[in-house]
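Take a look at the structure set out below.
Computed from a predicted model, the values in this text were never measured in an experiment. Sequence lines set the chain letters: A, B, ... in the order given, protein chains first and strands last, and positions in each chain run from 1.
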Amino acid sequence: MAPVLINPEIPLWISLLVALLIGIGFGFALEQAGFSSSRKLAGMFYGYDATVLKVFFTAALVAFLGSQLLSFFGLLDLDRVFVNPFYSMPSIVGGVIMGLGFIMGGFCPGTGFSAAAIGKVDALFYLAGGFTGAVLFAEVYPYLAVFANSGYKGPAKINEWLGLSPALFGLLLVLMAAALFWIAEKAEKIYARPEITKDI
Amino acid sequence: MNSRVFLSLLLIGLALVLVLLPENNIKKNQLRPLEYSAGLDKLIEPMGIDQAARHLANTDSTIQCIDIRQPEAFLYCHIPGAINIPYPQLFDKNRQGYLNPTQKTNVIYANDDLQSHMAVALLKSEGYTNNKVLQGGLNAWFGQVMEAAFSGGRISARENALYENRRKAKQLFTEWNSLPDSLKNTYLETKILDEAKLDGGCE
Amino acid sequence: MKKHSIAIGTLLFVVLMALILVTVKKGNYYRISAEAAHQVTLSSTVFVTPKTMDSLCPNPLLLLLSEVSEKDALALDSFVSLKIKPTELLSPDNKKAFNKHSGELLIYSQDKEKAANTWVLLSRMGFKKLFVFDEEGVSEFNYSFEAKGLSE
């Protein structure tokens, strides 16, 4: 997906600098949300901490509504924005693997980096495991290729599949998010665990 | 009020406003309405029949003819080298590549030029500016090229050149449309090769 | 942090609303896509001839982009007309006149290219009941072709 900027007259280093700044912003946001703590991350699965849901869902909503706004102002051509191609079965299998890794390791790849950045040793091992897994996957890819490319549906967008306009879909997402956050906060009270940070 | 609730309400408000807004369809290489209307007095010249005949007679590959009639009419007869994109399929995703060329100019034609003008106007509005209309369409082509006749007597050099172009184009048109479909693809290529040999160019 | 986030959020919201209002007021954006305009030409007849005038376009406001030719004057003399310079098509006065008229808008130009471009522009700006006048309409293929065997 590099270069980030489409205009070919802009030199490559500016494109890469933009990518660097975006990465810095992302790491900063992850750390300030507290995602370097694997306890906070795993809390999403055990129910006692819904921060992951709130932060990531809000980020996705801001990006969605923001891109619709930018398109309205004529600053962003939504046809040129990359849409991930959708492979149905491989997506499900990949999601299961990622969920297992997340709950066992307590990190996902991005948060693993932010945790490693603050010096956590387990994050370093986690990332080393991640690299190894990626290399292994590349080595056995020829055997997995057929499955990995099955169920290809093209760059599918949910609002197109449902037949809704993007703005209406955005509104539904926001309302769904508000409802989910309210449910999550109720769950946090039910599944609450004793606060241990002061004991350590 | 809780700041989280307040910010959520702001987001809901923003989403509501976006729903009420008309869906904007500006793509980056499109002209905005005011600029589009400002350019309405400097329109693209249609391509004349004789100019198209000259391009055809010289097997010039800088233009690409596009026939927007129905497939049956296209199969009956069409300008050699033309591709068929029926008018209802003008915005088909598979055909967009043909309609937005960088190396050639598209010459769009139908039976007359009314529908071609509409097609070119729609494509121009989408940002695809490399399209022209064949003036008069296929009816004018037949009237001027296929029924071109030399009545004898003295004619000017210009008229002579025009007639020669038309005759060559007419011959190409007749030969091409008399071929079965399987041979049409190789016809133009062999013609170009033959003419290169006559010219003495490198092979 | 809580008070600051409310303040920042409100400020951003107000700025965005202001930008949206300004953009909507200027109106310099299309209401429908080119593909949607193309669909309109497919689903209904856009070209009006003197014969179909009564059924398609009984109460038109004529938008004259050029002088009316003599042969068309007969069909079009009886209608309310508005002389328009194509480059000033979207001026506020013209837009007001288009919106005030309750019937159809009939575009006339001796230059078919100008008429087609005007139709596409106005259609994409959201005007419905928009037609183009042409004395013949879309024509059929008037010739026949004889395939000949190859000379060799």
Side-chain angles (χ1 to χ4, degrees), chain B residues 1-4 6-7 10 13-14 17-18 21-26 30 32-41 43-44 46 69 73 76-77 87-88 90-91 110-115 117-127 133 137-139 142-143 146-147 173-175 177-179, chain C residues 1-3 5-6 9-10 12-13 16-17 20 23-24 26-39 41-42 46-47 65 85-90 111-121 124-126 132 134 136-143 145-151:
Chain B
M1 190 197 279
N2 205 330
S3 72
R4 298 189 330 270
F6 183 74
L7 290 173
L10 282 183
L14 186 62
V17 169
L18 271 176
L21 286 178
E23 222 176 290
N24 189 35
N25 288 294
I26 277 293
Q30 269 182 8
R32 285 178 171 268
L34 284 176
E35 286 100 19
Y36 188 94
S37 74
L40 274 181
D41 56 355
L43 294 171
I44 313 170
R69 302 173 299 158
Y76 179 60
C77 69
Y87 181 76
L90 208 60
F91 281 87
N111 288 329
D112 64 5
D113 48 11
L114 200 56
Q115 212 176 35
H117 275 308
M118 187 57 91
V120 167
L122 283 166
L123 292 173
K124 178 179 158 197
S125 166
E126 178 83 351
V133 165
L138 206 60
N139 282 335
F142 261 72
M146 302 304 284
E147 305 200 339
F173 188 94
T174 317
E175 283 178 7
N177 283 297
S178 312
L179 282 174
Chain C
M1 188 59 197
K2 279 190 187 164
K3 280 215 182 97
S5 60
I6 291 185
T10 325
L12 268 173
F13 187 75
L16 278 174
M17 286 302 125
I20 289 176
T23 316
V24 170
K26 271 203 290 192
N28 192 15
Y29 56 91
Y30 294 114
R31 308 298 189 272
I32 66 173
S33 65
E35 195 170 341
H38 176 239
Q39 286 296 70
T41 64
L42 289 176
V46 161
F47 298 112
L65 301 173
K85 256 201 220 162
T87 49
E88 290 168 13
L89 199 59
L90 297 175
D111 182 355
K112 298 302 161 206
E113 185 167 5
K114 233 174 234 173
N117 276 284
T118 308
W119 187 92
V120 169
L121 178 61
R124 289 195 71 184
M125 291 305 281
V132 172
D134 184 77
E136 292 147 15
V138 178
S139 33
E140 299 297 316
F141 185 49
N142 298 333
Y143 296 85
F145 171 72
E146 270 178 43
K148 289 197 189 136
L150 292 177
S151 45

What residue, out of L14(B), V120(B), D113(B), V133(B), has the most heavy-atom pairs lying under 4.5 Å from chain C? L14(B)

Side chain, backbone, both or neither of L21(B) within contact of chain C (heavy atoms, under 4.5 Å): side chain

Closest non-hydrogen contact found for F13(C) with G13(B) is CE1-C, 4.1 Å

Interatomic spacing from CD in Q115(B) to CG in D134(C) - rounded to 0.5 Å: 12.0 Å

Part of L65(C) lying under 4.5 Å from any heavy atom of chain B: neither

Most contact-rich option vs chain B, by heavy-atom pairs under 4.5 angstrom, among V132(C), D111(C), T10(C), is T10(C)

Can you classify the ring geometry of H38(C) versus F91(B) as parallel (below 30°), tilted (30 to 60°) or perpendicular (above 60°)? tilted

What distance separates D112(B) CG from K112(C) NZ, expressed to the nearest 0.5 Å? 10.0 Å

Tested for side-chain contact (heavy atoms from CB on, under 4.5 Å) against N117(C), the lone hit among M118(B), K124(B), H117(B) is K124(B)

According to salt bridge (Lys or Arg N to Asp or Glu O under 4.0 Å), who are the partners of K114(C), at least two apart in sequence or on a separate chain? none

Structural part of L12(C) lying under 4.5 Å from a heavy atom of chain B: neither

Most heavy-atom pairs under 4.5 Å with chain C, out of N139(B), L40(B), L122(B), L123(B), belong to N139(B)

Under a 4.5 Å heavy-atom cutoff, which of P86(C), A36(C), G126(C) has the most pairs with chain B? P86(C)

Greater than 12 external heavy atoms within 6.0 Å of E140(C)'s CD: no

When rounded to the nearest 0.5 angstrom, what is the spacing between OG1 in T118(C) and OH in Y36(B)? 8.0 Å

Holding to side-chain hydrogen bond (donor to acceptor under 3.5 Å, both in side chains), I want the full list of residues that pass it with S125(B), two or more places apart in sequence or in another chain. R124(C)

What's the shortest heavy-atom distance between S37(B) and L89(C), and which atoms? CB-CB, 4.4 Å

Between T41(C), L16(C), T23(C), the one whose heavy-atom pairs under 4.5 Å with chain B are most numerous: T41(C)

Tell me if a side-chain donor or acceptor on R32(B) pairs with a main-chain N or O of Y29(C) at a distance below 3.5 Å. no

Region of L90(B) that comes under 4.5 Å of a non-hydrogen atom in chain C: both

side-chain contact (heavy atoms from CB on, under 4.5 Å) between I6(C) and L7(B), worked out: CA-CA 7 Å; I6(C) 291 185; L7(B) 290 173; 5.6 Å; no

Can you tell me how far the OG atom of S33(C) sits from the CD atom of E126(B), to the nearest 0.5 Å? 7.0 Å

